[in-house]
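Reviewing the structure listed below.
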Protein chains: 2
Amino acid sequence: MHGRCENCIIRELNSFKALKKEELKRISDSKVSKIVKKGETLFAEGEKLNGVFCVRSGVSKLSKMSNNGKDQIVKIATKGEVLGQRSVISDESTNLSAVALNDMEVCYIPKQHLQESLNNNVEFTKAVLVHIASDLKFADNIIVNMAQKTVRQRVAETIKYLEDNFGKDNEGYISITLTREDIANIVGTAKEACIRTLSSFKKENLIATDGKRIKIEDKKALYRLIEGF
Amino acid sequence: MHGRCENCIIRELNSFKALKKEELKRISDSKVSKIVKKGETLFAEGEKLNGVFCVRSGVSKLSKMSNNGKDQIVKIATKGEVLGQRSVISDESTNLSAVALNDMEVCYIPKQHLQESLNNNVEFTKAVLVHIASDLKFADNIIVNMAQKTVRQRVAETIKYLEDNFGKDNEGYISITLTREDIANIVGTAKEACIRTLSSFKKENLIATDGKRIKIEDKKALYRLIEGF
DNA sequence: CCTAAAAAATGACATTTGTCATTTTTTACT
DNA sequence: AGTAAAAAATGACAAATGTCATTTTTTAGG
């Protein structure tokens with residue numbers, strides 16, 4: 001609970017692995033560990049952040065409200081992700097809000113320390129740069145999918161994404177369970193359309209469901225569908 | 001034509017302003033100035049780049065082909081933009097292709113020099129980081145628009161974007177002229193839908209057109225439409 | 001200035017997706 | 001285990017968008 005960053009294995013997953021010992025010590029001394037319950041907000045769109053959140057466990061959605069009242073999920077962040085990073089880098093308020101999808105353990109790190117490292121440790125700055133560049137590439141792909149793929153294809157892609165990133169339990173179901181509405185908000189469609197699409201996938205034996213849980217039954221066919229057949 | 005980077009005013013527009021004199025000299029010695037004609041490809045999706053392109057004049061579209069054969073434009077790059085940067089940072093092949101929308105003057109800079117500066121000059125690395133972070137924020141916004149806004153709203157938004165970024169000529173027409181198909185590829189819709197939407201905007205006196213040229217006639221109404229009224 | 005090719009425009013229609021209303025099922029809690 | 005609330009599922013219909021065919025207009029080049 002109150003471990004030291006120096007010993008935290010999570011940092012192997014993010015840019016913090018490029019930090020030097022002294023830097024880690026300083027960060028560790030000022031960081032605050034927090035438990036965030038399912039449904040709670042880490043930060044809201046437009047807020048000015050004075051630090052970042054390093055995710056130790058649990059899952060958070062990063063989303064942006066659109067004028068029609070729908071929440072578009074832009075990213076699902078899990079263990080190792082550093083939330084609020086972009087906004088600290090540019091010294092702007094956040095463009096996204098972060099809400100816990102299940103109970104989370106996070107460390108809050110005041111931004112001064114990060115900024116100092118960004119200003120002095122090229123290795124760290126470069127690591128952050130590479131990470132953000134990869135987020136950008138990912139975002140470009142989402143744009144293309146949103147613009148060019150059907151809801152069916154995007155639902156299929158989202159299921160694949162969830163399995164690839166969160167794995168399966170011992171029964172073969174995708175480990176992360178989202179509400180149909182959250183899935184719809186990733187896909188960028190109405191929840192009814194999302195539900196119908198999942199039902200149709202079930203009829204076609206592409207997937208099986210049990211409550212909220214989803215299992216991919218015919219991976220090949222699902223992948224073909226994503227590619228447009 | 002063969003000016004020195006040290007004297008190039010374009011670099012005030014991008015991260016190159018954070019480079020030191022020696023760095024600029026080295027880059028200047030190895031850079032190659034090129035003229036790229038309208039319609040020509042600077043680089044294609046999937047290509048491995050050995051350098052970046054700094055745009056001195058002209059406009060390029062950055063796009064990605066989707067499986068249905070449509071080209072999704074992700075960004076319009078103009079004076080000062082550095083193309084291929086993301087791919088050099090991550091040392092991967094590019095995820096986008098770049099095609100000139102009109103005649104361009106660009107400088108090709110071999111990647112070694114950039115990488116050296118990224119490894120040694122924190123100021124530069126940070127400047128690049130801030131720039132990529134801003135691209136990411138922009139991309140997040142596009143995702144939300146694609147997912148949640150109608151074609152009408154997105155066409156309106158694209159027109160606003162073009163006027164804001166490329167200005168108007170002395171008759172009030174937007175300075176950059178794209179084909180309807182290119183506009184459709186920014187909006188993420190079929191060209192017929194794009195044409196129909198523009199025609200309807202014309203009927204409603206939101207815009208006026210003359211050939212490819214577009215002029216915003218009722219900015220307020222157009223902006224209201226973007227917001228969803 | 002003329003002409004072929006490209007782009008824009010339009011019609012007709014199919015398909016996809018969104019919206020609203022309602023019922024059924026699941027979940028969380030005592 | 002029982003119950004209220006939330007989530008999922010489904011039907012019916014409207015609206016938005018895509019596709020294909022065709023005509024009209026514009027543009028580029030000799």
Side-chain angles (χ1 to χ4, degrees), chain A residues 37-39 66-72 101-103 145-156 158-159 173 176-204 207-214 225 228-229, chain B residues 37-40 66-72 99 101-103 145-159 173 176-204 207-215 225 228-229:
Chain A
K37 296 255 178 204
K38 177 176 175 173
S66 73
N67 292 327
N68 66 9
K70 274 183 197 156
D71 208 36
Q72 180 63 38
L101 288 175
N102 49 32
D103 293 354
N145 288 343
M146 287 292 179
Q148 308 285 0
K149 292 192 173 174
T150 62
V151 168
R152 254 176 88 80
Q153 290 178 295
R154 272 148 45 210
V155 170
T158 301
I159 295 172
Y173 288 96
I176 186 176
T177 60
L178 303 176
T179 65
R180 299 290 193 258
E181 188 165 14
D182 276 333
I183 297 177
N185 290 344
I186 296 174
V187 170
T189 189
K191 66 169 182 294
E192 294 92 333
C194 176
I195 289 170
R196 272 181 240 272
T197 306
L198 288 172
S199 303
S200 122
F201 284 177
K202 214 158 65 175
K203 269 198 202 112
E204 300 163 47
I207 63 170
T209 66
D210 170 47
K212 280 192 207 171
R213 297 193 307 157
I214 295 173
L225 197 157
F229 305 106
Chain B
K37 295 258 174 196
K38 176 176 177 175
E40 283 180 2
S66 73
N67 291 326
N68 68 10
K70 273 183 196 156
D71 208 37
Q72 180 61 40
V99 173
L101 288 175
N102 48 32
D103 293 352
N145 288 343
M146 285 292 178
Q148 309 285 1
K149 292 193 173 173
T150 63
V151 168
R152 255 178 88 80
Q153 288 178 296
R154 278 156 31 219
V155 171
E157 184 134 55
T158 301
I159 295 173
Y173 288 97
I176 185 177
T177 59
L178 302 176
T179 65
R180 300 292 194 255
E181 188 164 16
D182 276 332
I183 296 177
N185 290 344
I186 296 174
V187 169
T189 189
K191 67 170 183 291
E192 294 91 333
C194 175
I195 289 170
R196 272 181 240 273
T197 307
L198 289 172
S199 301
S200 124
F201 285 176
K202 213 159 65 175
K203 268 197 203 112
E204 299 163 49
I207 63 170
T209 64
D210 170 47
K212 283 193 206 170
R213 298 192 306 159
I214 295 173
K215 167 161 64 173
L225 197 157
F229 306 105

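Remember, predicted model here, so these are calculated numbers, not experimental data.
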For B:Arg196 and A:Ala190, find the nucleotide of DNA chain C closest to each by heavy atoms; which residue's nucleotide sits nearer the 5' end? B:Arg196
Let me know the distance between CD of B:Glu192 and P of C:dA6, rounded to the nearest Å. 17 Å
A:Lys38 versus A:Leu101: any side-chain heavy-atom pair under 4.5 Å? no
For atom CD of A:Gln153 and atom C1' of C:dT15, their distance in whole Å: 14 Å
A side-chain contact here means heavy atoms from C-beta on lying under 4.5 Å apart; do B:Thr197 and B:Arg180 qualify? no
If I take atom CG in residue A:Asn68 and atom C1' in nucleotide D:dA16, what distance separates them, rounded to the nearest angstrom? 14 Å
I want to check one thing: is the phosphate of C:dA6, taken as OP1 and OP2, less than 4.0 Å away from some side-chain N or O of B:Thr179? no
Between A:Ala147 and A:Arg180, which is nearer to the 5' end of DNA chain D once each is assigned its nearest nucleotide? A:Arg180
Can you tell me the distance, in whole Å, between the NZ atom of A:Lys38 and the C1' atom of C:dC29? 14 Å
Would you check if A:Phe201 and A:Ile159 make a side-chain contact, meaning some heavy-atom pair closer than 4.5 Å? yes
Of the candidates D:dG18, C:dT17, D:dA21, the side chain of B:Ala193 sits closest to D:dG18
Between D:dT27 (C1') and B:Asn102 (CG): distance, integer Å: 16 Å
Atom CD of B:Gln148 and atom P of C:dT17 are separated, to the nearest Å, by 14 Å
Students often get this wrong, so: under 4.0 angstrom with heavy atoms, is A:Lys191 touching a base, only sugar-phosphate, or nothing? nothing
Separation of A:Arg213 atom CZ from C:dT26 atom P, in whole Å? 12 Å
When we call it a touch if two heavy atoms are under 4.0 Å apart, what does B:Lys70 touch: a base, just sugar-phosphate, or nothing? sugar-phosphate
Dump the intermediate steps for side chain to side chain contact (heavy atoms under 4.5 Å, CB included) on B:Lys212 and B:Leu178, then the final yes or no. CA-CA 7 Å; B:Lys212 283 193 206 170; B:Leu178 302 176; over 6 Å; no
C:dT10, OP1 or OP2 - any side-chain N/O from B:Ser199 closer than 4.0 Å? yes
Whole-Å distance, A:Glu181 CD to C:dT27 P, equals 16 Å
If you check the A:Thr189 side chain, which of C:dG18, C:dT19, D:dA7 turns out closest? C:dG18
Could you go step by step and tell me if B:Glu192 and B:Ile195 meet the side chain to side chain contact (heavy atoms under 4.5 Å, CB included) rule? CA-CA 5 Å; B:Glu192 294 91 333; B:Ile195 289 170; 5.7 Å; no
